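See below for the structure under consideration.
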Amino acid sequence: MSEITYVRGDATVPSAKGVKVIAHVCNDIGGWGKGFVLAVSRRWPEPEAAYRAWHRDRAANDFALGAVQLVRVERYVWVANMIGQRGVRTGSKGVPVRYEAIDTALGRLADRATELNASVHMPRIGCGLAGGKWSRVEPLITERLVRRGIPVTVYDHGD
């Protein structure tokens, strides 16, 4: 069984051959405008447009915690919008991250990545604005993706 590969760089420019899925965590209230999504939107307009339409039409679709939306942005590149945080602010119920939702979304992502024969690329999902702890997220990635033989690369931005 392989492990997660950690690299310095930009997760929107995955360093791998073949089909790639760039995975990130979104909130459940339709907000898109801070954090990693800004880097995604600088490269491609489709993931934001698809997420906003998915949220807008949520009464008629599966938009909810744990859901995943795959958006093709290039011939061999997809973006996975994963609903893994409740709201956007830390409040009386704690930080926005929802580990159970990320776990469910990663399971769904694993199914799609397997179908596409894709590697998965991501920042430290759920650990930025969502307020999560990597020590809680990393085992979910290992369990849902790595154990199924899906190559995973995590990108740390900056120096």
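Note that the structure is a prediction, hence the values are computed from the model and not measured.
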With sequence neighbours excluded, residues passing ring-ring contact (aromatic ring centres under 6.0 Å, His included) with F36 | H24

Check: P47 main-chain N/O paired with N81 side-chain donor or acceptor under 3.5 Å = yes

Minimal heavy-atom distance between P123 and A11, with the atoms involved, is N-CB, 3.9 Å

4.5 Å side-chain heavy-atom contact, T5 and P151 = no

Go through the steps to decide whether D111 and R148 satisfy the test side-chain contact (heavy atoms from CB on, under 4.5 Å), and finish with yes or no.
-> CA-CA 9 Å; D111 292 341; R148 287 186 59 181; 2.7 Å; yes

Within the distance-only criterion (no hydrogens, no angle test), does the side chain of R86 pair as donor or acceptor with the backbone N or O of R98 below 3.5 angstrom?
-> no

Minimum heavy-atom distance between V120 and A23, given as atom pair plus value = CG1-CB, 4.1 Å

Side-chain heavy atoms of V25 within contact of I125, under 4.5 Å | yes

Can you say whether the rings of F63 and H55 are parallel (under 30°), tilted (30 to 60°) or perpendicular (over 60°)?
-> perpendicular

Can you check whether R72 reaches W44 side chain to side chain, under 4.5 Å on heavy atoms?
-> no

Identify the two heavy atoms, one from G126 and one from I102, that lie closest to each other, and give their separation to 0.1 Å.
-> CA-CD1, 4.2 Å

Taking the side chain as C-beta and beyond, is there a heavy-atom pair between P96 and N27 under 4.5 Å?
-> no

Flag yes if L116 and L106 sit in one hydrophobic cluster, no otherwise; membership is Ile, Leu, Val, Met, Phe, Trp, Tyr, and two members link when side-chain heavy atoms are under 4.5 Å apart.
-> yes

Without swapping roles, check the side chain of R43 against the backbone of T12 for a donor-acceptor pair under 3.5 Å.
-> yes

Got a second to check how far M82's CE is from C26's SG, nearest 0.5 Å?
-> 8.0 Å

Test item: R112 and V68 side chains (from C-beta on) under 4.5 Å apart, heavy atoms | no

Any link between L70 and W32 through a network of hydrophobic side chains (Ile, Leu, Val, Met, Phe, Trp, Tyr) touching at under 4.5 Å?
-> no

Joint cluster assignment, V73 & W78, ILVMFWY side-chain distance < 4.5 Å = no

So I150 and T114, side-chain contact (heavy atoms from CB on, under 4.5 Å) or not? Walk me through it.
-> CA-CA 7 Å; I150 299 165; T114 300; 3.7 Å; yes

Would the number of heavy atoms belonging to other residues, nucleotides or ligands and lying under 6.0 Å from OH of Y6 be above 12?
-> yes

Shortest non-hydrogen contact between G132 and Y99, atoms and distance | CA-OH, 3.3 Å

Path from V97 to M122 over hydrophobic side-chain contacts below 4.5 Å = yes

K20 side chain to G18 main-chain N or O, any donor-acceptor pair under 3.5 Å?
-> yes

For E48 and A50, indicate whether the former's side chain and the latter's backbone hold a donor-acceptor pair under 3.5 Å.
-> no

Nearest heavy atoms of G87 and D28, plus distance in Å = N-OD1, 2.7 Å

Remaining members of hydrophobic cluster (4.5 Å side-chain criterion), V7 = Y155

For L65 and G84, the nearest pair of non-hydrogen atoms, with its separation, is CD2-C, 4.2 Å

Minimum side-chain heavy-atom gap L140-R136 below 4.5 Å = no

Output for pair (T153 OG1, I22 CD1), nearest 0.5 Å, gives 11.0 Å

Within one Ile-Leu-Val-Met-Phe-Trp-Tyr cluster: V19 and V77, side-chain cutoff 4.5 Å | no

Does any donor atom in the side chain of W54 or D62 lie under 3.5 Å from an acceptor atom in the other side chain?
-> yes

Greater than 12 external heavy atoms within 6.0 Å of D57's CG | yes

Just wondering, do E3 and V146 contact through their side chains at under 4.5 Å, heavy atoms?
-> no

Would you mind reporting whether V37 and Y51 have side-chain heavy atoms less than 4.5 Å apart?
-> no

